[in-house]
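Chain A is the first sequence line, chain B the second, and so forth, proteins listed ahead of strands; every chain is numbered from 1.
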Amino acid sequence: MHLARLIKKHYQFCWYSLFVILLLPFCLLLFNFYTDSLGINPLEQLTDFTGICALNIFLFSLSITPLRHFMCRVMIFLKANYGKRLSDWNFLVKMRRMIGLFSFFYATLHVLIFFWLDQGFEWNWILEEMLEKPYLFVGASAFILLIPVAATSNNRAMRYLGKHWREIHRLVYFIGILIMLHFIWLSKPGVYDVWAYALVLTVLLCYRMHIQYAYIRQRSNDNGMELAERS
Amino acid sequence: MLIRIKDPSDIQSSEITSESVYQGRRQFIKQAGLLSAGLIASPFKTLHACEELDNANIQIQEQPNSYKEITNYNNFYEYSTDKKAVAELAKNLKTSPWSLSIEGEVDNPIVLDVDKILKRNDIEDRTYRLRCVEGWSMVIPWQGISLCNLLKLAQPSSKAKYVEFITKLDPKTFYGQRQSTMEWPYREGLRIDEAMHPLTILATGLYGKPMPNQNGAPIRLVVPWKYGFKSIKSIVTIRLTEQMPVSTWSEVSASEYGFYANVNPDVSHPRWSQRRENRIGEFKKRKTLLFNGYADQVAHLYSGMDLKKYY
């Protein structure tokens, strides 16, 4: 099993492939838009589709860390001679930036469609609706919080911000909860898709908490006599 | 048990003056004077006379939606919560034979054969706006029969204050009824004066064709000044009641879906904008009109009522 090595070797190719895959929904949207095949209610279709794309890709970016841990476990189980160390899967982390930015791209489309096509840039209306509908309020908050995260997704910002970079990017966990509230509150009774997404997000966030908890516990037990990773 | 055999010479309960009318007799005399002057309308009408609708007043300038739009975008929870899936799923509905029972506070409970209703000669064309609570709207050329014309066959009694409508319960056909989304069967209700209003119809077809299954075949209610969910589909029972019936959606969430559910841009909904609407087939949103543009015809039914309280 040399999967990790193979991807690493063809990293450029894999990166571009992923880029194309993540761009496909947008191409599909454009195609449907120009061939007038967005269905009976195009506005609803555009809004829902971009929102769902943004959410799926957002969850994909959150699953990179667990995926990396999982792949290591698999490689250890298979007794593969490469891919057993976390660092063997570092390329996943390198790809995560693009994944996250794609999520932001679809979220931006989603917001633009709402402001432009749905509300016609009538700011009075938009403000009125925001204050009246909790789902819009949390959705807008999530998007506003995503802006600094997306804006600092480059090497220069990482270098400039140092340890604060991580603090900014930890916002995504909170943003995830806001997005889920947005989705739950806008879903009408009898529609259950949202709960599948909520389950996935819960698992991903619990995994984070588990790591954090396990890591802290390990640190407190560390008396310097034994290497933590061997215990 | 006392079995009473009706004597034809008995006074029907619909002919008995109800207490509220009796108590208001002085006012009646006062108003009768005004009425003769043609100033105000009578506060009560005999239930057996159905008002004629002046068709010229409800002519819609707007272009009707296409048959394709009307029949491929349906809220019909008995099949699915997905509006685009209903047309395909509803193919299994058998609409004949179908009987419609009118019962409850009536002097003459009847069970009507819907196939016979479809052949009646008082079926009219009615092109109405339909405004869904979800923020979209259409213009639909219905064919139907004034609900009043059917109700009078059963002779509503003086106790009949409300009308309850019930959709067929048949989880074998209606896949959606197998899920506990809501308490099945679907029920809706109107106040008797709303039910007797000439705008209220039982629709039997659209675009001159028999009612498509996904639109609520074979017979459905259409109340154009209320949100679409009031216009219950595939009806089997119409029950006249003294107490206000509980409608299914207000059972699900009373704060979101009231009994009246009149289209009103000033009463907001937590999910959907009620100030504007997305007319299917149009790019820009339209302003939503009070009573869906039928205020001239129906506003008097609610005079003195706080529409924000009784939404």
Would you compute the distance between atom CZ of B:Arg276 and atom CH2 of A:Trp125 and round it to the nearest 0.5 angstrom? 4.5 Å
For A:Tyr11, look at atom OH and say whether over 12 heavy atoms of other residues, nucleotides or ligands are found less than 6.0 Å away. yes
Specify which of B:Tyr73, B:Tyr77, B:Trp249 makes the most heavy-atom pairs with chain A at under 4.5 Å. B:Tyr73
Given heavy-atom pairs under 4.5 angstrom as the criterion, report whether the side chain, backbone, both or neither of B:Asn72 touches chain A. both
Mind listing the closest non-hydrogen atom pair of B:Tyr257 and A:Pro189 along with its distance? OH-CD, 3.9 Å
By a 4.5 Å heavy-atom criterion (distance strictly below it), what part of A:Gln45 contacts chain B: side chain, backbone, both, or neither? side chain
Is it the case that atom CZ in B:Arg178 sees more than 12 heavy atoms from other parts of the structure closer than 6.0 Å? yes
Report yes if the side chains of B:Ser273 and A:Glu129 come closer than 4.5 Å at any heavy-atom pair, otherwise no. yes
Just wondering, more than 12 heavy atoms not from A:Trp116 lying within 6.0 Å of its CH2? no
Return yes when atom CG of B:Asp306 has more than 12 non-hydrogen atoms of other residues, nucleotides or ligands closer than 6.0 Å, and no otherwise. yes
Quick check: closest heavy atoms across B:Ser268 and A:Lys133, and the distance to 0.1 Å? CB-NZ, 4.4 Å
Heavy-atom count around A:Phe105 CZ within 6.0 Å, excluding the residue itself: above 12? yes
Quick check: are there more than 12 heavy atoms from other residues, nucleotides or ligands sitting under 6.0 Å from OH of A:Tyr16? no
Tell me the closest heavy-atom pair linking B:Pro270 and A:Pro134, and the distance in Å. O-CD, 4.4 Å
Ranked by heavy-atom pairs below 4.5 Å to chain A, first place among B:Met182, B:Glu134, B:Lys68 goes to B:Glu134
Please report the closest heavy-atom contact between A:Asn41 and B:Trp136, naming both atoms and the distance. ND2-CB, 4.2 Å
Salt bridge (charged side-chain N to carboxylate O under 4.0 Å, His left out) assessment of A:Glu132 paired with B:Arg275: CA-CA 12 Å; A:Glu132 196 179 273; B:Arg275 290 192 189 88; 2.6 Å; yes
Does a side-chain heavy-atom distance below 4.5 Å link A:Asp118 with B:Lys285? yes
B:Lys284 (side chain) donor-acceptor with A:Gly120 (main chain) under 3.5 angstrom: no
Could you check if a side-chain atom of A:Pro42 sits within less than 4.5 angstrom of a side-chain atom of B:Phe283, using non-hydrogen atoms only? no
Value for CG (B:Asp82) from CG (A:Asp193), rounded to nearest 0.5 Å, stands at 9.0 Å
Can you confirm whether more than 12 heavy atoms, excluding those of A:Phe31, are under 6.0 Å from its CZ atom? no
Check against side-chain contact (heavy atoms from CB on, under 4.5 Å), A:Leu186 and B:Trp272: CA-CA 8 Å; A:Leu186 74 82; B:Trp272 302 295; over 6 Å; no
Might you point out which heavy atoms bring A:Trp185 and B:Arg271 nearest each other, and give the distance in Å? O-CG, 3.2 Å
Evaluate side-chain hydrogen bond (donor to acceptor under 3.5 Å, both in side chains) for A:Lys188 paired with B:Asn75, printing each intermediate quantity in order. CA-CA 12 Å; A:Lys188 57 180 182 178; B:Asn75 261 325; 3.1 Å; yes
